[in-house]
There are 2 protein chains.
Amino acid sequence: MTYLGNKLIANVFKALGHPTRIQIVKLLRNGELCVCDILPDLDSEQSNTSQHLTVLKNQGIVESRKEGSKVIYSIKSEKIYEMIDLVEAIILNQIEETKTSLSK
Amino acid sequence: MTYLGNKLIANVFKALGHPTRIQIVKLLRNGELCVCDILPDLDSEQSNTSQHLTVLKNQGIVESRKEGSKVIYSIKSEKIYEMIDLVEAIILNQIEETKTSLSK
DNA sequence: TTAGTATATTATAAATTGCTAATATACTAA
DNA sequence: TTAGTATATTAGCAATTTATAATATACTAA
C-alpha cells in the first residue's frame, strides 16, 4: 500500500487515540445522543468536547444531524466497536502476560 | 469503563496513529523481520525507525528478540490486522459515500 | 585490538495537538 | 425583540509528538 493509504489509515487510528474520544464513542454504543446528553458524562469543557466531536466527525467515525436547537451525534459504523473490543482483548492479554512474568 | 481504561485503549490506537508505524506493522504481516530488513522499505532515518519500533513495542503491538548482532521484530497479536482491515473497510465506505454524494 | 555493522538512545528544534477562555451562531420561547 | 439554551469556532498558550543529527552500545570478524 502507498504512503497515502497508510496515512488515511493512521488518521482514523489517531482520531481514536484520545481517552475522551474513546469515551464519546462508548457513550454512543447504545444509540444516538445530543451533545447536551454527552456533556454531563464527560470530564471536559463544552468547547473541548465540541472539538473532540469534530475530530471524530472529520474521520467519519460519527455523524450528526440537527434537531431543533440540538445536534444529535451517532456512530457511523459498528465496526468501531469491533475495533475497541479487539484493543481491549489485546490489553487483557498483556495484563495476563505481565502477571505470568511476575510470578516466575 | 473508567478513565484509566479508556486511556489504555487510546494509547494503543495512538501507537497505530502514524503512517510509518502502520507500514511497519504491514511489513510484519508475512512474518518476523530484523530491523535491517525493515529499514530499506521505509522512508525514514534509522534512528527514527528505531523510535517508531519502540512506540509499537511499548504498546505491546510488536515484540523483539536478539539474534547475534540483529534484532528481530514480530507482531504480538494477529488482532492488529483485523483492526487494520476494519479501518480499511471504514475508509472504503466513506469513499463510496463521497462518490454517491458527488453524483447527486 | 581495531574496524565495521546493527541498533538504540539522547538532545533539540519544529510541528502538531489539546485545553481554556472568549466569542459567535442558531434556535426557542416569552 | 429580548433572553436563554445549545453548540461551534477562534485565538493563544502549554504539552506532546516527530524528525534530525549526534552519540552510544552491542556484536562480529579480521
Side-chain angles (χ1 to χ4, degrees), chain A residues 3-4 6-25 27-28 31-76, chain B residues 3-4 6-25 27-28 31-76:
Chain A
Y3 175 78
L4 271 170
N6 290 336
K7 183 150 193 183
L8 288 180
I9 294 170
N11 281 343
V12 173
F13 283 122
K14 197 155 47 163
L16 292 169
H18 192 288
T20 300
R21 294 196 291 266
I22 292 295
Q23 191 169 3
I24 291 172
V25 168
L27 284 172
L28 293 172
E32 59 180 25
L33 288 174
C34 66
V35 179
C36 55
D37 283 336
I38 294 173
L39 277 172
D41 279 316
L42 297 182
D43 212 25
S44 70
E45 302 269 324
Q46 178 269 321
S47 80
N48 193 15
T49 300
S50 185
Q51 287 165 348
H52 283 306
L53 285 166
T54 300
V55 171
L56 291 171
K57 194 172 172 180
N58 284 341
Q59 291 310 313
I61 294 167
V62 303
E63 63 192 343
S64 68
R65 68 190 160 79
K66 224 169 175 204
E67 202 171 289
S69 69
K70 298 187 175 176
V71 178
I72 317 278
Y73 279 85
S74 57
I75 290 292
K76 273 189 85 173
Chain B
Y3 174 78
L4 271 169
N6 289 335
K7 183 149 193 184
L8 288 180
I9 293 170
N11 281 344
V12 173
F13 283 122
K14 197 154 49 161
L16 293 169
H18 191 289
T20 300
R21 293 195 292 265
I22 293 294
Q23 191 170 2
I24 291 172
V25 169
L27 284 172
L28 294 172
E32 59 178 26
L33 288 174
C34 67
V35 180
C36 54
D37 283 335
I38 294 173
L39 277 171
D41 280 315
L42 296 182
D43 212 25
S44 72
E45 303 268 324
Q46 178 269 321
S47 80
N48 193 15
T49 300
S50 185
Q51 288 165 346
H52 284 306
L53 285 166
T54 300
V55 170
L56 291 171
K57 193 172 172 180
N58 285 340
Q59 292 309 314
I61 294 166
V62 302
E63 62 192 344
S64 69
R65 67 189 161 79
K66 217 159 181 212
E67 203 172 288
S69 69
K70 298 187 174 177
V71 178
I72 317 278
Y73 279 85
S74 57
I75 289 293
K76 275 189 84 173

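Protein chains get the first letters and strands the later ones, always in sequence-line order, with residue 1 at the start of each. Everything quoted here is computed from the prediction, not taken from an experiment.
Put simply, the side chain of B:Gln51 and the base of D:dT17 share no donor and acceptor less than 3.5 Å apart.
Between B:Leu42 and B:Leu27 the shortest side-chain heavy-atom distance falls below 4.5 Å.
Between A:Lys7 atom NZ and C:dA15 atom C1' the separation is 12 Å, expressed in whole Å. Distance, B:His18 NE2 to D:dT18 P: 5 Å, rounded to whole Å. What separates CG of B:Asn11 from P of D:dT17 is a distance of 9 Å, to the nearest Å. Between B:Leu16 atom CG and D:dT17 atom C1' there is a gap of 16 Å when expressed in whole angstrom units. Protein atom CD of B:Gln46 is 15 Å distant from nucleotide atom P of D:dA24, rounded to whole Å. Remark: C1' of C:dC19 and CZ of A:Arg21 are 12 Å apart, rounded to the nearest angstrom. For the pair B:Leu42 CG and C:dA6 P, the interatomic distance rounds to 16 Å; values are reported in whole Å. For B:Asn48 and C:dT12, the CG to C1' distance is 14 Å, given to the nearest whole Å.
In the set D:dA21, C:dG18, D:dT7, D:dT7 carries the atom at the smallest distance from any side-chain atom of A:Lys70. For A:Ser69, the listed nucleotide lying nearest its side chain is D:dA6; candidates were C:dC19, C:dA8, D:dA6. Checked against D:dT7, C:dC19, D:dC27, the side chain of B:Lys66 finds its nearest nucleotide in D:dC27.
As judged by a 4.0 angstrom heavy-atom cut-off over every strand, A:Ser47 is placed among the base-contacting residues. Among the atoms of the strands shown, none is found under 4.0 Å from any heavy atom of A:Lys57.
A donor-acceptor pair is defined here as one N or O able to donate and one able to accept, closer than 3.5 Å; no such pair exists between the side chain of A:Arg21 and the backbone of A:Leu56. Not a single donor-acceptor pair under 3.5 Å links the side chain of A:Gln23 to the backbone N or O of A:Asp43.
Here the straight-line distance linking atom OG1 of B:Thr54 with atom CD of B:Gln59 works out to 12.0 Å at 0.5 Å rounding. Going from atom NZ of A:Lys14 over to atom NZ of A:Lys7 covers 7.0 Å, rounded to the nearest 0.5 Å.
At D:dA19, one or more side-chain N or O atoms of B:His52 fall inside 4.0 Å of OP1 or OP2 (strictly under the cut-off).
The partner of D:dA30 is C:dT1, judged by Watson-Crick or G-U wobble contacts that both fall below 3.5 Å. Pairing for D:dA19 is with C:dT12, a Watson-Crick or G-U wobble pair whose two hydrogen-bonding atom distances lie under 3.5 Å. Pair check for C:dT20 finds D:dA11; Watson-Crick or G-U wobble, both atom distances under 3.5 Å.
Comparing B:Lys14 and B:Tyr73, the nucleotide of DNA chain C nearest to each residue sits closer to the 5' end for B:Tyr73.
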